[in-house]
Every structure is written in C-alpha cells, then in structure tokens.
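Position 1 is the first residue of the sequence; numbering continues from there. The figures here come from the full heavy-atom set of this structure, side chains too, leaving out hydrogens, waters and symmetry mates.
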Amino acid sequence: MTIENVSVNKSFGGWHKQYSHQSKVLNCAMRFAIYLPPQVSNGEKVPVLYWLSGLTCSDENFMQKAGAQRMAAELGIAIVAPDTSPRGDDVADDDGYDLGKGAGFYVNATQAPWNRHYQMYDYIVNELPEIIEAAFPVTQKRAISGHSMGGHGALTIAMLNPKRYCSVSAFSPICNPINTPWGEKAFTAYLGKDQATWRDHDASELIRQARQFVPVKVDQGGADDFLSEQLKPETLVAAAKVSGYPLALNIHQGYDHSYYFISSFIEEHLRFHGQYLT
C-alpha cells in the first residue's frame with residue numbers, strides 16, 4: 001500500500017512523521033502519525049505502542065500534547081497514533097460531537113449508513129499494523145493504549161486479541177459503555193438495537209469473562225467531570241474481581257479529563273509497556 005508523507009519533525013533524536021493513505025477497510029483517505037525513536041537510525045527494529053485518542057481528537061492531539069517522545073526515545077519504542085474515525089465529504093456524520101467523525105468508538109459498524117466507512121476495529125487491529133510493519137523498521141511486538149473513548153478501544157481490542165498485544169493501558173477509559181450515554185448513543189447507531197451485540201465492545205463485560213490476561217494499567221483522574229456518568233471505573237474493578245484479572249487501577253485526586261492529566265503520567269505508562277515490549 002502506498003503511503004504519503006505529510007510532515008516531518010525531529011524530536012529527542014528521533015522523528016515524528018505524519019502520513020496519509022487510502023484505507024481499503026474504511027473506504028476513505030486516512031492519516032496517522034508515527035514517532036520513530038533514535039534507535040532506528042542505528043539500524044535497530046523497535047516495538048510499537050499504538051495510541052487511540054478520545055472523542056473529537058485526531059492523530060495530532062497526543063503527539064503534540066502528551067510529551068511522550070522523550071521517554072519513547074529513551075526506551076526505544078515507536079508510537080503510532082491513528083485518527084479516531086473515517087474522514088471525508090462522503091463519510092456519514094452527526095451533529096453531535098459524540099457520534100460520527102471524530103467518534104468512531106473503535107468498533108465495526110453493522111448499521112447503515114455507518115457500515116460503509118466505520119470499520120475502525122478492523123483498521124486498528126489489522127490494516128494499520130500491516131502498513132506500519134511493512135513500511136517502517138519495527139518488530140511485531142505491539143502494545144496498545146488510549147484515552148477516554150480511546151481507552152475503551154484499547155482495553156476492548158487488547159482483551160479481544162490477547163495474543164496480539166504484549167500489554168494495554170488506558171487513561172480515563174469508558175469502562176462500561178453499554179450503560180453510559182456516550183456508549184448507548186454510539187452503539188445504537190453503529191451496532192443496532194440488539195444490546196447483546198454491544199457486550200463484545202464493553203471492557204467491563206470482557207474483563208469479567210476473561211480467561212487470557214494481558215497486563216493492564218488504568219489511571220483515572222478523581223476530579224474528572226465525566227467520572228460517574230460516562231466512565232464508571234468501579235465497574236471495571238468489580239469485573240476484574242470476578243475473573244481474577246490482575247487489574248492495576250489508580251485514582252489520582254485533583255486531576256481532570258484533560259491532557260494535563262495524561263502528560264503527568266504518560267512516562268509511567270511508557271515504562272509499564274517497556275517492561276513487556278523491550
């Protein structure tokens with residue numbers, strides 16, 4: 001597959017690059033960002049952390065605001081940040097920020113008009129890694145992380161594919177989307193009214209039934225405005241107790257839902273993944 005370089009910036013001895021490509025899975029042009037640590041300049045292949053962003057974000061938010069490059073350079077880890085949804089004039093959209101463009105929820109839509117483009121699960125799990133591993137000096141060792149909607153995506157994708165990912169982490173994830181306003185709206189639109197199909201994309205439901213465990217780290221801000229209504233981390237804790245899943249979930253008092261929170265703890269997450277990637 002042909003990918004086109006959009007921008008290049010040097011950072012901590014490595015390179016931040018943006019690329020565009022035509023996605024066969026999503027039936028539209030897509031953009032992703034990749035940080036290649038300085039080790040690749042020495043001929044090394046490096047493992048990859050996939051970062052999934054939250055509602056309204058693109059590939060740029062994490063790369064510009066999280067401050068992850070310094071630690072990624074130290075550990076020798078590439079970071080790939082895809083967009084959060086399909087884009088384009090013919091891609092279905094909604095007036096709300098929590099559905100449509102910028103809000104793909106990392107599922108494969110089955111309902112019209114969304115099913116023509118919104119196949120974000122297949123894009124993240126299959127198409128994008130194939131592109132990355134063919135075009136860049138990386139290994140097949142993968143970890144996955146994300147924030148909010150992206151935290152939901154990271155947790156569910158890792159739990160559905162425990163052999164593909166060495167580790168998973170999340171900041172402020174939507175832990176129980178089948179019982180939250182964001183999740184109910186998105187899942188009804190993308191997956192239909194049969195709520196039995198929703199459970200395959202709910203981290204609390206998946207962790208309750210888990211038999212294979214991926215190392216997991218979750219951090220949540222105690223002053224997050226979305227904590228009780230949309231995120232519900234207590235459901236994840238309760239589910240982990242049922243299956244015996246070794247969940248590490250930390251509540252940080254005073255921190256909110258923003259990138260101020262993410263940037264405060266991103267180095268801990270990268271070190272966590274480094275244990276399993278390197």
For atom [atom1] of [X], is the number of surrounding heavy atoms from other residues, nucleotides or ligands below 6.0 Å larger than 12?
| X | atom1 | answer |
| --- | --- | --- |
| Tyr97 | OH | yes |
| Lys185 | NZ | yes |
| Phe261 | CZ | yes |

Quick one: sort the Phe105 and His152 rings into parallel, tilted or perpendicular, breaks at 30° and 60°.
tilted
Could you verify whether a donor N or O on one side chain and an acceptor N or O on the other, from [X] and [Y], lie under 3.5 Å apart?
| X | Y | answer |
| --- | --- | --- |
| Ser11 | Gln69 | no |
| Gln18 | Glu60 | yes |
| Ser53 | His147 | no |
| Asn9 | Tyr35 | no |

Taking all non-hydrogen atoms of both residues, which atom of [X] and which atom of [Y] are closest, and how far apart?
| X | Y | answer |
| --- | --- | --- |
| Arg164 | Val125 | NH2-O, 2.7 Å |
| Ile124 | Leu52 | CD1-CD2, 3.8 Å |
| Cys57 | Thr84 | O-OG1, 2.6 Å |
| Gly192 | Gln111 | N-CG, 3.3 Å |
| Leu236 | Cys175 | CD2-SG, 3.9 Å |
| Ser172 | Gly221 | OG-N, 4.4 Å |

Results of ring-ring contact (aromatic ring centres under 6.0 Å, His included) for His269 - residues two or more places apart only
Phe171
Check ring-ring contact (aromatic ring centres under 6.0 Å, His included) between Tyr19 and all other residues, then give those that pass, not counting sequence neighbours.
Phe32, Phe136
Please determine whether residues [X] and [Y] belong to a single hydrophobic cluster, defined as Ile, Leu, Val, Met, Phe, Trp and Tyr linked transitively by side-chain heavy-atom distances below 4.5 Å.
| X | Y | answer |
| --- | --- | --- |
| Met149 | Leu227 | no |
| Met159 | Val168 | yes |
| Phe187 | Met120 | yes |
| Ile77 | Leu128 | no |
| Leu160 | Tyr165 | yes |

Main-chain N/O of [Y] paired to [X] side chain as donor or acceptor, under 3.5 Å:
| X | Y | answer |
| --- | --- | --- |
| Asp59 | Pro82 | no |
| Tyr190 | Gly100 | yes |
| Asn161 | Ala158 | no |
| Thr56 | Gly102 | no |
| Tyr118 | Ala92 | yes |
| Ser243 | Ile207 | yes |
| His21 | Thr2 | no |
| Asn176 | Pro233 | no |
| Glu184 | Pro177 | no |
| Trp114 | Asn108 | no |

Residue pair Met71, Phe12: steps toward the side-chain contact (heavy atoms from CB on, under 4.5 Å) verdict
CA-CA 9 Å; Met71 186 54 61; Phe12 293 98; over 6 Å; no
Intermediate values then yes/no, salt bridge (charged side-chain N to carboxylate O under 4.0 Å, His left out), Asp94 and Lys101
CA-CA 8 Å; Asp94 185 82; Lys101 295 177 187 178; over 6 Å; no
Derivation of the side-chain contact (heavy atoms from CB on, under 4.5 Å) call for Val46 and Val40:
CA-CA 7 Å; Val46 296; Val40 302; 3.9 Å; yes
Whether Arg271 and Glu268 form a salt bridge (side-chain N of Lys/Arg under 4.0 Å from carboxylate O of Asp/Glu) is what I want to check.
no
Salt bridge or not for Glu4 and Arg31, using N-O below 4.0 Å?
no
Tell me, do [X] and [Y] make a side-chain contact under 4.5 Å, heavy atoms counted?
| X | Y | answer |
| --- | --- | --- |
| Met63 | Ile79 | yes |
| Glu205 | Ile178 | yes |
| Leu247 | Val237 | yes |
| Tyr50 | Val48 | yes |
| Ile34 | Trp15 | no |
| Arg142 | Pro129 | yes |
| Ser145 | His273 | yes |

Can you tell me how far [atom2] of [Y] sits from [atom1] of [X], rounded to the nearest 0.5 angstrom?
| X | Y | atom1 | atom2 | value |
| --- | --- | --- | --- | --- |
| Leu277 | Ser167 | CG | OG | 5.0 Å |
| His201 | Ile157 | NE2 | CD1 | 9.0 Å |
| His252 | Ser264 | NE2 | OG | 9.0 Å |
| Ser23 | His117 | OG | NE2 | 10.5 Å |
| Arg199 | Thr197 | CZ | OG1 | 10.0 Å |
| Glu133 | Lys45 | CD | NZ | 9.5 Å |

Under 4.5 Å side-chain linkage, directly or through intermediates, the cluster mates of Phe272:
Tyr276
Verify the ring-centre separation between Tyr106 and Tyr123: is it less than 6.0 angstrom?
no
For residues 217-250, which residue pairs qualify under ring pair (Phe, Tyr, Trp, His ring centres under 6.0 Å), counting only residues two or more places apart or in two chains?
Trp182-Phe226, Phe213-Tyr245, Phe226-His257
Pairs satisfying ring pair (Phe, Tyr, Trp, His ring centres under 6.0 Å), at least one member in residues 53-74, at least two apart
Trp51-Phe62
Go through the steps for Asp202 and Thr235 under the test side-chain contact (heavy atoms from CB on, under 4.5 Å), then give the verdict.
CA-CA 11 Å; Asp202 185 293; Thr235 64; over 6 Å; no
Among residues two or more places apart or on two chains, list those pairs meeting salt bridge (Lys or Arg N to Asp or Glu O under 4.0 Å) that have a residue in residues 219-236.
Lys217-Asp219
Give the C-alpha distance, both sets of side-chain angles, the deciding distance and a yes or no for side-chain contact (heavy atoms from CB on, under 4.5 Å) between Gln230 and Ile174.
CA-CA 6 Å; Gln230 302 282 13; Ile174 307 171; 5.7 Å; no
